[in-house]
Structure formats: structure tokens, C-alpha cells
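Step one of this worksheet: look at the structure below.
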Amino acid sequence: MISDVVVIGAGPAGLSAAVTAAEAGADVVVIDENPRAGGKLLGQLHEEPGTGWWIGAEISKKLAERAVNAGVRILTNRQVWNISQKWEVALDTGECVKADYAVVATGAAERPLPVPGWSLPGVMAIGAAQTLTNYYRVRPGDRIAIVGVDPLSLTVAHELSMAGADVVGIYLPGKSIFAGTQADPDTNLEYLAGMSDLAPNAFLRWGGKLAANKTLRKLALTFFPKSGLPLMGTRLNLRKSLVSIGGNERVEHVEVATIDSQGNPGKTRTVKVDCVCISGGLYPVQELTRDCGLVRIDQLGGTIPLYSPEMETTQDNLFVAGNVTGIEGAKIAMAQGNLAGTVIASRLGLLEGKEAIDRAAAAVRFARKSSAITFMPDIEEGRRIADDLWLERVRENSLAQKDESYA
């Protein structure tokens with residue numbers, strides 16, 4: 001199978017790249033391992049301040065329809081086994097897609113967060129609970145405990161409550177080498193302070209801004225109610241950690257410990273539940289970008305490929321977009337995909353001038369600036385580091401070329 005562009009991943013970034021390139025006139029093939037295009041969009045459902053409800057399933061449906069109407073061939077239920085230069089993509093079905101340009105938009109995966117008893121039936125990753133609830137309309141449990149404090153766990157807790165589940169609380173994980181700072185109350189409160197503008201009422205927004213101050217944060221933790229704070233149908237607990245999960249053949253209860261301001265456990269009590277959702281955060285998936293100058297930038301969620309302001313990697317004509325470049329929201333992923341698709345369409349001679357590319361790049365900056373949710377608290381610092389590393393590579397290549405010309 002031959003095309004101008006092959007896109008790996010049919011999530012928000014991949015579909016956006018495909019739509020932009022195809023609507024400009026490119027022949028595009030999209031490959032995804034799932035039975036339906038949409039990626040993580042399929043499970044997203046939340047209310048954004050000032051803009052109303054974000055319904056991911058509807059957005060992905062519209063993107064997929066635009067792609068098909070533009071002539072994009074979407075190959076679902078296919079796994080990519082290998083990608084080689086020029087760009088040749090081998091699939092598990094024995095098919096092969098060859099293209100002049102490739103876009104890797106493989107997104108992110110959930111980081112495991114081991115908790116004693118987590119292998120019991122009824123324990124699942126928070127993303128699985130979101131997909132079950134919002135896409136398949138299946139409530140994963142009746143009494144649910146959530147481990148881990150981040151935008152995804154807070155969002156899904158609200159969605160589970162709206163679906164009729166009794167979410168008994170959102171807890172910190174117990175102290176361990178796996179949990180790291182996720183088990184630290186101060187780190188979590190500082191993180192929440194950075195998201196205070198999203199709080200559902202004025203009191204919490206005001207309190208969040210105060211918590212940005214380290215001294216006031218320490219005071220807040222001292223007097224943080226041990227019963228937790230009510231939050232959108234559940235209770236947020238920064239002075240309690242979920243230390244173990246118990247049950248015979250499936251989840252029946254959890255052990256919850258009261259902790260001090262440093263996260264050290266004290267008294268424990270048993271809470272009856274039939275489901276536990278664990279949120280350990282996300283990391284970029286890099287199996288297909290191993291030759292793209294991978295660098296570890298913790299502020300972006302882990303390892304990412306080096307890439308230019310136009311989304312091109314160290315490999316000519318290989319582009320990236322979405323969470324594979326660092327953990328951010330769907331709107332940013334879509335803007336990055338649009339930028340990659342615009343650049344490719346321009347190089348194929350389907351667009352004239354740089355105006356379209358400049359607009360697409362500006363759209364990425366705007367999406368970041370206006371994003372309602374920040375998954376990584378130091379994302380701006382991470383982006384600065386990534387940009388500096390790319391500029392350093394450009395300078396090194398320029399010096400190497402000068403040396404060759406003198407030789």
C-alpha cells in the first residue's frame with residue numbers, strides 16, 4: 001500500500017494531522033490498533049470553565065468523518081510491528097504501508113503505581129474506568145476508591161459520581177519507592193494550587209491561590225480536615241493514604257491510613273469498596289521513535305524525541321504530534337497534529353507560502369496558553385528544555401557541516 005503520508009495513531013493528534021494533510025490534497029493512511037478511531041478522546045467527558053462540556057466521543061466522531069470525507073484510509077485493528085526509513089510501516093496483518101512522510105502520534109500510556117493487593121479483580125487503571133464509564137456506559141463499581149491525585153483522577157472521580165457510583169474518596173498512595181512524591185501531601189497541595197482556577201467554587205479557588213505560598217501551605221496541611229474536602233461528589237483526602245487492597249476473590253475493602261504532613265502513616269481503618277481505580281500518571285510512548293534522539297525530560301512526563309518547531313524529528317520526513325512529545329491535553333495534541341499535517345502538505349507542494357504554517361504554529365501556542373488542564377506542573381520548563389536541546393543539535397550540525405566544508 002503506497003501513500004503520501006502514513007499516520008500511526010488515530011487519536012486527536014493523529015486524526016488532526018491526517019485531516020489537515022488530506023484536505024490539502026495528500027493521500028493519507030492512518031493506522032491504529034483499536035477497533036475505532038479516536039484514541040483517548042473516546043473516554044473524555046468533562047466540563048471546561050467558560051466553554052461548556054467537552055465530549056470526546058463526539059469530537060473524535062467528527063474528526064474521523066472529516067478524515068474519511070477527505071479520502072483518508074483508516075486501518076483499525078492493526079498493530080505496527082516496525083517502521084523503517086522512507087517510510088515503510090510493517091503491520092501484524094502482513095500488510096505494509098509505504099509513504100514519503102510519516103507522523104508518529106502514539107500518545108501516552110498509564111504509569112503503573114503498585115499498591116499491595118492491586119492484582120485483585122476490581123482494581124483497574126483510572127483510564128480504564130473512564131473508558132468503561134463514558135464510552136461503554138458500564139459503571140466499574142458501586143463503591144469506588146481512587147488512588148492518586150492528578151487532573152485525570154479528579155476528572156474521572158466526578159464522571160463516576162455522575163454515573164451513579166459512590167466514590168468514597170480520592171486518596172494519596174502509601175509511601176514507597178514507586179509512589180515517590182505522589183505520596184507527599186505538600187507536593188500534592190502545591191500541584192493542586194497550580195490548578196486553582198479550575199476549582200468548582202470561589203472558596204476553593206481562593207484557598208488554592210493561598211496554597212501556592214509554602215508557609216501557608218504548611219499551615220493548610222496542619223489543619224487540613226482528616227475527613228477530607230468535599231469535591232464534586234466525593235472527598236479529596238490529602239491526609240489519608242490508601243495502603244492496601246483486600247478481598248477474597250475480588251476487591252472487598254481497602255485499608256486507609258491517616259498520615260501526617262510528611263506522608264507518614266498513623267492509624268488505619270477499613271473501608272468497604274468493590275472497585276479501586278489507580279492513577280499513577282502518564283508517560284509518552286516511544287517504541288517507534290527510538291532512533292529520533294530520545295531525551296528524558298521529567299517535566300514532560302518522561303522520555304521524548306527531539307523535534308523541531310515544525311514537529312519534525314531528527315529523522316528527515318518523520319514527524320511527531322500529541323502526547324508522544326510530552327503529556328498535555330487533547331486540544332494541544334490536535335493543534336500539534338494540525339501543524340505537522342500543514343508542514344507536510346506544504347512540502348508536498350500542496351500549500352503555497354509559509355502563512356499556513358505560521359498560523360498552525362500560532363494555534364499550538366494559543367492552545368497551550370488557553371488550556372484548562374495542565375497535567376505536568378512544570379510543563380513550561382520542560383518545553384524550554386526540549387527547545388534548547390533542539391537548538392543545541394542544530395548548532396552542532398551546523399558546526400559539523402562547516403568543518404566538513406573546510407576539510
Side-chain angles (χ1 to χ4, degrees), residues 107-129 144-154 156-157 169-195 214 217-218 221 224 226 228 236-247 251 253-271 273 275-287 290 294-304 323 326-327 374-379 381-382 385:
E110 292 194 58
R111 197 181 300 278
L113 180 57
V115 177
W118 72 329
S119 60
L120 280 169
V123 181
M124 65 185 68
I126 195 76
I144 302 173
I146 294 177
V147 188
V149 177
D150 55 50
L152 187 58
S153 67
L154 298 176
V156 177
I170 303 172
Y171 304 95
L172 300 185
K175 267 191 167 184
S176 72
I177 59 172
F178 302 105
T181 57
Q182 289 177 284
D184 177 45
D186 182 69
T187 300
N188 280 278
L189 187 55
E190 182 181 18
Y191 182 35
L192 291 169
M195 299 189 295
K214 188 172 183 178
R217 202 163 60 241
K218 184 177 180 181
L221 284 173
F224 194 93
K226 292 182 180 178
L236 174 63
N237 297 281
L238 296 184
R239 293 294 303 276
K240 289 182 181 177
S241 64
L242 194 152
V243 294
S244 68
I245 304 167
V251 173
H253 59 82
V254 293
E255 294 298 317
V256 174
T258 301
I259 58 177
D260 62 20
S261 58
Q262 283 76 48
N264 299 310
K267 274 187 176 180
T268 63
R269 71 184 184 95
T270 300
V271 179
V273 297
C275 177
V276 177
C277 301
I278 301 177
S279 187
L282 302 171
Y283 67 92
V285 174
Q286 303 299 350
E287 282 87 347
R290 56 188 179 273
L294 295 180
V295 293
R296 182 180 176 88
I297 303 176
D298 290 336
Q299 295 91 333
L300 298 179
T303 300
I304 69 160
N323 279 348
I327 307 305
T374 301
F375 287 89
M376 306 301 298
D378 299 319
I379 190 74
E381 173 67 8
I385 294 171

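Positions are given from 1, in the same order as the sequence printed here.
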Under the side-chain hydrogen bond (donor to acceptor under 3.5 Å, both in side chains) test, which residues partner [X], sequence neighbours left out?
X: Arg290; value: Asn82
X: Asp260; value: Asn264
X: Ser241; value: none
X: Gln286; value: Thr289

For side-chain contact (heavy atoms from CB on, under 4.5 Å), just list the numbers for Leu300 and Ile379, CA-CA rounded to whole Å, side-chain angles, deciding distance to a tenth of an Å, and then say yes or no. CA-CA 6 Å; Leu300 298 179; Ile379 190 74; 3.4 Å; yes

Judged by atom type as modelled, is there a donor-acceptor pair below 3.5 Å linking the side chain of Thr303 to the main-chain atoms of Leu294?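 Looks like no, no N/O pair under 3.5 Å.
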
Within the side chain of Asp184, is there an N or O that forms a donor-acceptor pair under 3.5 Å with the backbone of Thr187?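 Between the backbone of Thr187 and the side chain of Asp184 there is a qualifying donor-acceptor contact (under 3.5 Å).
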
Listed partners of Glu287 passing salt bridge (Lys or Arg N to Asp or Glu O under 4.0 Å), at least two apart: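 Checked Glu287 against salt bridge (Lys or Arg N to Asp or Glu O under 4.0 Å); zero matches.
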
Residue list, salt bridge (Lys or Arg N to Asp or Glu O under 4.0 Å) with Asp298, at least two apart or on another chain: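 For Asp298, the residues satisfying salt bridge (Lys or Arg N to Asp or Glu O under 4.0 Å) (neighbours in sequence not counted) are Arg296.
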
If the condition is side-chain contact (heavy atoms from CB on, under 4.5 Å), which residues does [X] pass it with, not counting sequence neighbours?
X: Pro173; result: Leu113, Val147, Ala179, Gln182, Ala183
X: Glu110; result: Ala125, Ile126, Leu282
X: Thr270; result: His253, Glu255
X: Ala128; result: Met124

